[in-house]
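Report on one structure; see the data block that follows.
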Amino acid sequence: GDVDASIVFNIATRPGAFGNYSRSWEAPGNSLIISEERAVVIVGCGVEAFLFDHNNTGPGNLMGYCTSTCSDMAALEKQEAERGGCSGIGCCSIQFYRSVRAFRLSIIQKEEAVPRVVALANATVKAFLVEDEEWDYTFSMADLFSDKVNESTIGAATAHLWAVITDQPTCRTARMN
């Protein structure tokens, strides 16, 4: 069967100042994977995010990237009013294009001018897994202004991890054990 997991990163940053932040996640043991129907959502201002598959033999392959900007308060308010997903205004998302056991997320805080209210309130970039980038997260100014998110503040922060059998030579043997 599968396992529900909440994979969330709250990354303290300095808005408007350049910074580079890296977070990684690895499945416990060898038997769980994140499938390609998942995405990472990044909520924050003036950021570029890069998603890499993570392996022990090197830096990993780039799976995707996205950018999020907050330079226009009216655009942020419109994004929230229209209950939109992550289109690059206040948040962005990166879809997993294949299954992985581990990943690394690199966040680059750009030197972007942001509206004063956003700069004062938003010193944390939030990143979390969702089931699908289009269906499971609706942008909220409250999330943007929050200093952290978790499974209880964002219901979409739960993703299914699929079990895989890696220590058995065949499916028949695995079923017997």
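In what follows, residues are counted from 1 in the order of the sequence shown.
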**Asked** Is there a side-chain contact between M141 and M73 (heavy atoms, below 4.5 Å)?
**Response**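 Counting from C-beta outward, M141 and M73 do come under 4.5 Å.
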**Message:** Is the shortest side-chain heavy-atom distance between N20 and I107 below 4.5 Å?
**Reply:**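 No - every pair of side-chain heavy atoms lies 4.5 Å or more apart.
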Donor-acceptor pairs under 3.5 angstrom involving side-chain atoms of residues 85-92: please list them, not counting sequence neighbours.
{"from": "S87", "atom 1": "OG", "to": "Q79", "atom 2": "OE1", "distance (Å)": "3.3"}
{"from": "S87", "atom 1": "OG", "to": "Q79", "atom 2": "NE2", "distance (Å)": "3.3"}

**Request:** Using side chain to side chain contact (heavy atoms under 4.5 Å, CB included) as the criterion, point out the one residue from V100, I94, V40 that pairs with M63.
**Result:**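 Testing M63 for a side chain to side chain contact (heavy atoms under 4.5 Å, CB included) against V100, I94, V40 leaves exactly one candidate, V100.
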**Message:** Would V125 and Y21 count as a side-chain contact (heavy atoms from CB on, under 4.5 Å) here? Give the steps.
**Reply:** CA-CA 10 Å; V125 173; Y21 309 89; over 6 Å; no
Got a second to check how far [X]'s [atom1] is from [Y]'s [atom2], nearest 0.5 Å?
X    : Y    : atom1 : atom2 : value
C66  : L51  : SG    : CG    : 9.0 Å
F139 : S93  : CZ    : OG    : 13.0 Å
F52  : S106 : CZ    : OG    : 6.0 Å

Is it true that a side-chain atom of [X] and a backbone atom of [Y] form a donor plus acceptor pair closer than 3.5 Å?
X    : Y    : result
Q109 : C45  : yes
K126 : D143 : yes
K110 : I108 : no

**Heavy-atom pair of closest approach, residues G44 and C70** =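 That closest heavy-atom pairing would be O-SG, 3.7 Å.
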**Distance-minimising heavy-atom pair for I7 and I34** =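 Residues I7 and I34, closest heavy atoms: CD1-CD1, 4.4 Å.
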**Item:** Side chains of T67 and E48, donor plus acceptor under 3.5 Å
**Value:**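 Looking only at side-chain atoms, E48 and T67 do not form any donor-acceptor pair under 3.5 Å.
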**Message:** Would V47 and I42 count as a side-chain contact (heavy atoms from CB on, under 4.5 Å) here? Give the steps.
**Reply:** CA-CA 9 Å; V47 296; I42 297 90; 4.0 Å; yes
**Asked** Is there a side-chain contact (heavy atoms from CB on, under 4.5 Å) between V130 and R38 once you walk through the steps?
**Response** CA-CA 6 Å; V130 295; R38 311 299 177 251; over 6 Å; no
**Prompt:** ring pair (Phe, Tyr, Trp, His ring centres under 6.0 Å) with F103: which of F96, F50, Y97?
**Reply:**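 So, applying the ring pair (Phe, Tyr, Trp, His ring centres under 6.0 Å) to F103 and each of F96, F50, Y97, only F96 qualifies.
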**Steps toward side-chain contact (heavy atoms from CB on, under 4.5 Å) verdict (W25, L129)** = CA-CA 11 Å; W25 181 88; L129 245 63; over 6 Å; no
**Message:** According to ring pair (Phe, Tyr, Trp, His ring centres under 6.0 Å), who are the partners of F9, at least two apart in sequence or on a separate chain?
**Reply:**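 None.
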